[in-house]
Peer 1: 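Got a structure here, written out as structure tokens. Questions coming.
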Amino acid sequence: MSDATVMDKIVSLCKRRGFIYPASEIYGGINGFWDYGPLGVLLKNNIRDSWWRAMVECPPIGPDGHPIEMVGLDSAIIQHPKTWVASGHVGGFADPMSTCRQCKRLFRSDHVPDMLRDAEWVKSLLGALGKSGLDGLVEFHEDFTEADPTTQALSRWARKEGKKLAPGLALVRQWTATLDGMRKTVSETQRGAPHGQPVATNTVEFLLRAMARPSTSEPLLDPCPNCGGDLTPPRQFNLMFESHAGAVQDDSSKVYLRPETAQGIFLNYKNVLDTTRVKVPFGVAQIGKSFRNEVTPRNFVFRSREFEQMEMEWFCHPDEAKTWFEFWKAERMRWWRSLGVSEQNLRFRDHEADELSHYSKMTVDIEYRYPFTAPDYGELEGIAHRGSFDLTQHQQHSGQKLEYFDQELQLKLKAQGVAEDEIKARSRYVPNVIEPASGLTRAVLLLLCEGYAEDASRASPTYLKFDPKVAPVKLGIFPLVNKDGLPEIAEKLYMDLRTRFACEFDAKQSIGKRYARMDEIGTPFCVTMDGQTLEDQTVTLRDRDTAAQERVALDQVAARLMPRLTA
RNA sequence: GCGGGAGUAGCUCAACUGGUAGAGCAUCAGCCUUCCAAGCUGAACGUCGAGGGUUCGAAUCCCUUCUCCCGCUCCA
């Protein structure tokens with residue numbers, strides 16, 4: 001069975017049993033949005049609660065043997081627009097993109113010049129022209145006659161290497177017409193440079209642009225780094241959703257839906273410090289929705305346009321940042337393992353230097369082997385060393401001081417006999433931030449993938465082996481048959497246990513069908529009342545994964561289950 | 001956004017060259033049933049993704065559009 005099929009089956013199961021539905025389905029759906037059904041929301045809430053408990057209510061033990069300091073937060077989805085200027089989201093992520101009309105590839109427009117420098121076909125062309133870089137000067141006769149040495153070199157190149165390396169280049173595809181166009185372009189540009197800017201018409205860079213267009217009616221643009229084809233003019237792909245606050249819909253009222261929850265924490269860093277008695281190092285955790293107008297939502301809920309994040313910002317002294325980075329790296333992996341995710345499906349992957357975000361000094365991803373990435377792994381959680389980037393940015397843009405005065409450090413330095421001036425300088429600083437950021441909706445996907453199991457030898461060939469902690473329903477309660485007072489006993493137990501955890505009572509259809517139904521939604525346990533129950537007040541307790549049964553006293557069911565449900 | 005494939009019952013899929021939309025499973029009701037999707041009887045379920053066009057007649061042909069899957073690209 002291929003992994004694509006597994007994914008199809010999971011998507012189908014999610015729909016069929018009410019985990020996840022496509023959003024706005026009755027209107028034909030809306031790309032990149034999903035609705036969590038009755039079972040999906042239970043599963044999602046269970047994961048959310050587990051994270052919140054592990055981070056805020058019962059945070060890990062620190063290196064000093066005491067629990068670390070952590071508080072929670074729930075900030076607004078819409079914040080002051082300047083937030084996103086300071087964070088870099090407004091400037092950096094509304095990336096203009098261009099598509100190649102020949103080979104159809106998509107490029108970030110601002111990356112094209114650099115890519116051209118490294119492109120095979122450009123290197124080859126430079127070699128043919130005897131130049132070493134794009135800014136090299138080219139000599140040619142304005143009319144590009146056949147006698148012109150540059151034209152001759154271009155001609156030779158276009159017929160040989162160019163044909164292989166740059167099949168999309170206009171000069172290669174249509175030699176005569178393009179050459180004609182280049183003549184006009186050069187003379188026109190030399191006569192009147194647009195926007196009054198002097199344009200150097202004798203550089204390789206200009207030459208490349210001139211020879212990339214099939215006609216002269218289009219503006220000069222860099223050619224495609226891949227095939228030399230003509231690129232479309234840069235188009236904006238704004239990755240943030242926009243809205244307007246207030247009645248007037250103009251630029252002054254423009255607001256953004258947050259593309260990450262993290263910034264809400266940085267905005268409240270000072271509030272938390274001023275009102276909660278926490279001291280560095282401490283963390284602020286938040287769970288909530290974020291929105292990104294992704295170019296291509298793909299792979300079920302893996303990349304959707306509305307999603308839920310679980311982020312924590314750990315504020316610490318710059319000298320201790322690396323130690324805490326390692327601490328959280330280990331803690332976060334431990335948490336994923338605690339959800340029952342198998343070791344071989346998880347791994348760490350360090351970001352390469354060129355892959356690091358603008359804000360990060362060091363980032364490691366926890367990756368999971370999703371069915372659609374297998375045998376490779378895909379992103380699950382990012383743990384980033386953000387340095388003091390965010391607080392410094394907000395300090396500059398808001399004009400508010402976001403420094404931390406470290407009184408403990410001050411006392412320590414004083415005791416060490418450090419000079420007064422140095423103590424002052426060293427005990428006031430902008431904390432560094434370690435950020436473990438993961439997707440709650442991605443965690444739901446992971447548990448569905450991890451839990452999905454097939455076993456043709458079972459009566460219920462497909463089942464979800466969720467860890468009991470996160471299973472949407474914990475216990476199925478069935479009378480073996482619908483008579484002899486068994487339904488009454490079962491319902492009494494149900495009425496008792498439903499106050500403790502999620503139970504389902506079912507007396508319909510055959511017992512096998514009821515077990516199978518519970519298996520399919522990942523219910524870890526079922527109890528069944530039978531003839532013996534009437535005699536000795538015991539029931540059978542069935543385990544989902546082994547289908548094994550044992551007899552348990554009716555009044556001991558809850559006690560038996562609780563440790564497994566809360567561990 | 002580009003290229004390729006696909007949308008028919010809750011799910012998985014049929015329906016020949018244009019001629020009254022079907023099956024299995026699931027669901028519901030009743031009967032039966034003492035441990036793993038059992039059986040019997042009955043019921044409900046579709047403007048065939050949406051909109052327009054051609055036609056006496058469209059799930060089927062044409063146009064537009066939406067969504068999903070795969071690839072390219074993007075993923076802060």
Side-chain angles (χ1 to χ4, degrees), chain A residues 2 4-5 7-9 11-18 21-34 37 84 87-95 97-108 111 226 232 235-240 259-260 262-263 290 292-300 302-305 307 355-360 363 372 378-379 382 384 437 439 457-463 476 478-484 486 507-520 526-534 539-542 544 547-549:
Chain A
S2 78
T5 323
M7 209 52 225
D8 286 346
K9 286 180 179 175
V11 173
S12 162
L13 173 65
C14 284
K15 172 75 192 297
R16 183 157 38 90
R17 298 308 306 269
Y21 311 120
S24 309
E25 213 183 0
I26 62 168
Y27 286 106
I30 176 164
N31 199 359
F33 298 89
W34 300 90
W84 310 111
S87 70
H89 288 84
V90 169
F93 308 108
D95 300 325
M97 311 285 296
S98 300
T99 311
C100 173
R101 291 204 177 93
Q102 302 305 320
C103 69
K104 309 296 181 195
R105 276 173 201 259
L106 189 71
F107 301 95
R108 262 180 68 166
H111 284 177
N226 178 51
T232 57
R235 286 165 300 176
Q236 290 288 325
F237 281 72
N238 195 342
L239 291 170
M240 278 194 292
E260 62 176 28
Q263 296 304 323
S290 290
R292 293 180 194 176
N293 202 353
E294 296 286 357
V295 179
T296 316
R298 211 37 88 81
N299 290 328
F300 201 27
F302 180 74
R303 180 169 305 128
S304 46
R305 290 184 167 138
F307 56 102
E355 185 185 4
L356 287 175
S357 317
H358 62 286
Y359 55 71
S360 178
T363 298
F372 48 82
E379 189 196 352
S457 69
R458 289 168 61 109
S460 50
T462 75
Y463 60 109
F478 312 139
L480 184 59
V481 290
N482 223 352
K483 59 181 184 185
D484 301 339
L486 295 181
K508 295 283 170 65
Q509 296 172 316
S510 75
I511 191 71
K513 206 171 258 190
R514 282 177 271 167
Y515 284 148
R517 249 200 301 255
M518 285 294 124
D519 285 350
E520 203 181 22
C526 296
V527 292
T528 301
M529 287 71 194
D530 57 12
Q532 198 179 327
T533 307
L534 299 168
V539 294
T540 61
L541 175 64
R542 172 189 180 269
R544 173 196 61 206
Q549 295 183 351

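Given the structure is predicted, the values throughout are model-derived calculations rather than measurements. Labels below follow one simple rule: chain letters A, B, ... track the order of the sequence lines, proteins then strands, and each chain is numbered from 1.
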Peer 1: Quick one: closest heavy-atom pair of A:P259 and A:F307, and the distance?
Peer 2: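 Minimum heavy-atom separation between A:P259 and A:F307: O-CZ, 4.2 Å.
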Peer 1: Quantified in whole Å, what is the C1' atom distance between nucleotide B:rC45 and nucleotide B:rU8?
Peer 2: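 Comparing C1' positions in B:rC45 and B:rU8 gives a spacing of 14 Å.
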Peer 1: Applying a 4.0 Å non-hydrogen cut-off, can you work out what A:P259 is touching in the nucleic acid: base, sugar-phosphate, or nothing?
Peer 2: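 A:P259: base contact, heavy atoms under 4.0 Å.
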Peer 1: Rounding to the closest angstrom, what is the interatomic distance between B:rA50 and B:rC36 at atom C1'?
Peer 2: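 Those two atoms are separated by 44 Å.
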Peer 1: For A:C526 and A:F478: C-alpha separation, side-chain torsions, deciding distance, then whether side-chain contact (heavy atoms from CB on, under 4.5 Å) applies.
Peer 2: CA-CA 7 Å; A:C526 296; A:F478 312 139; 3.7 Å; yes
Peer 1: Nearest to the A:N31 side chain among B:rA37, B:rU67, B:rC35, which nucleotide is it?
Peer 2: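 Among B:rA37, B:rU67, B:rC35, the one nearest the side chain of A:N31 is B:rU67.
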Peer 1: What is the minimum heavy-atom distance between A:F372 and A:M7, and which atoms define it?
Peer 2: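 Residues A:F372 and A:M7, closest heavy atoms: CD2-SD, 3.7 Å.
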Peer 1: Have a look at A:G32 and say if it touches a base, only the backbone sugar-phosphate, or nothing, with a 4.0 Å heavy-atom cut-off.
Peer 2: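 The answer is sugar-phosphate, as A:G32 gets under 4.0 Å only of primed atoms, P, OP1 or OP2.
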Peer 1: For nucleotides B:rU41 and B:rG46, find the distance between their C1' atoms and express it as a whole number of Å.
Peer 2: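 The answer is 25 Å between these two C1' atoms.
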Peer 1: Please give the distance between the P atoms of B:rC70 and B:rA29 as a whole number of Å.
Peer 2: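 B:rC70 and B:rA29 have their P atoms separated by 38 Å.
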Peer 1: Output yes when at least one side-chain N/O atom of A:K513 is less than 4.0 Å from OP1 or OP2 of B:rU33, else no.
Peer 2: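 Answer is no, no contact under 4.0 Å.
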Peer 1: At 4.0 Å (heavy atoms only), tell me whether A:R292 reaches a base, stays on the sugar-phosphate, or touches nothing.
Peer 2: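 Here A:R292 touches the bases of the nucleic acid.
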Peer 1: Say you draw a straight line from NZ of A:K508 to NZ of A:K513; how long is it, rounded to the nearest 0.5 Å?
Peer 2: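 Rounded to the nearest 0.5 Å, the NZ-NZ separation comes to 12.5 Å.
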Peer 1: Using the P atom as the reference point in each nucleotide, state the distance between B:rG42 and B:rU54 in Å, no decimals.
Peer 2: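 The same atom, P, in both gives a distance of 46 Å.
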Peer 1: Let me have a per-nucleotide readout for nucleotides 42-48 of chain B, 5' to 3', with B, S or -, counting only protein heavy atoms under 4.0 Å.
Peer 2: -------
Peer 1: Counting side-chain heavy atoms from CB outward, which of B:rC35, B:rA37, B:rA38 is closest to A:T528?
Peer 2: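 That would be B:rC35.
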Peer 1: Rounding to an integer number of angstrom, what distance separates B:rU27 and B:rC11 when you compare their P atoms?
Peer 2: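 My reading of the P atoms in B:rU27 and B:rC11 gives 14 Å.
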Peer 1: Polar-atom pairs under 3.5 Å, protein N or O versus N or O of nucleotides 6-12 of chain B: list them with distances, or write none.
Peer 2:
from   : atom 1 : to    : atom 2 : distance (Å)
B:rG10 : O3'    : A:K15 : NZ     : 3.3
B:rC11 : OP1    : A:K15 : NZ     : 2.5
B:rC11 : O3'    : A:S12 : OG     : 3.1
B:rC11 : O2'    : A:S12 : OG     : 3.3

Peer 1: In whole Å, measure the gap between the C1' atoms of B:rG3 and B:rA37 for me.
Peer 2: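 After rounding to an integer number of Å, I get 43 Å for this pair.
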Peer 1: Could you give the distance separating B:rG49 and B:rC69 at their C1' atoms, to the nearest angstrom?
Peer 2: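 Per the computed distance, 15 Å lies between those C1' atoms.
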Peer 1: Distance check needed: B:rA76 P versus A:Q263 CD, whole Å only.
Peer 2: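 So the two atoms are 15 Å apart, to the nearest Å.
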Peer 1: Are OP1 or OP2 of B:rU27 and a side-chain N or O of A:Q509 less than 4.0 angstrom apart?
Peer 2: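 Yes.
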Peer 1: Under 4.0 Å, counting only non-hydrogen atoms across every strand here, what does A:L486 touch: a base, just sugar-phosphate, or nothing?
Peer 2: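 It contacts nothing in the nucleic acid.
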Peer 1: Check every strand shown and say whether A:F300 touches a base, only sugar-phosphate, or nothing at a heavy-atom separation below 4.0 Å.
Peer 2: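 Contact class for A:F300: sugar-phosphate only.
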Peer 1: Under 3.5 Å, side chain of A:R305 to main-chain N/O of A:F33, donor-acceptor pair present?
Peer 2: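 Checking the backbone N and O of A:F33 against the side chain of A:R305, no donor-acceptor pair under 3.5 Å is found.
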Peer 1: Evaluate the side-chain contact (heavy atoms from CB on, under 4.5 Å) criterion for residues A:R542 and A:D519: first the C-alpha distance (whole Å), next the side-chain angles of each, then the deciding distance (0.1 Å), finally the verdict.
Peer 2: CA-CA 11 Å; A:R542 172 189 180 269; A:D519 285 350; 2.9 Å; yes
Peer 1: Please evaluate residues A:R514 and A:T528 with respect to the criterion side-chain contact (heavy atoms from CB on, under 4.5 Å), reporting the C-alpha separation (whole Å), side-chain torsions for both, the decisive distance (0.1 Å), and the verdict.
Peer 2: CA-CA 10 Å; A:R514 282 177 271 167; A:T528 301; over 6 Å; no
Peer 1: Does the A:D530 side chain pair with the main chain of A:Q532, one donor and one acceptor, at a distance under 3.5 Å?
Peer 2: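 Judged by distance alone, yes, a pair lies under 3.5 Å.
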Peer 1: Please check the phosphate of B:rU33 (OP1 and OP2 only) for any side-chain N or O of A:N482 closer than 4.0 Å.
Peer 2: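 It does not, given that no N or O in the side chain of A:N482 lies less than 4.0 Å from OP1 or OP2 of B:rU33.
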Peer 1: Just to be sure I understand the rule, does A:R514 reach a base, reach only the sugar-phosphate, or reach nothing, if contact means heavy atoms closer than 4.0 Å?
Peer 2: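 Nothing: the residue A:R514, judged by heavy atoms under 4.0 Å, touches no strand.
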Peer 1: For a quick check of understanding: with a heavy-atom distance under 4.0 Å over all strands, which category does A:E520 fall into, base, sugar-phosphate or nothing?
Peer 2: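 Touches a base.
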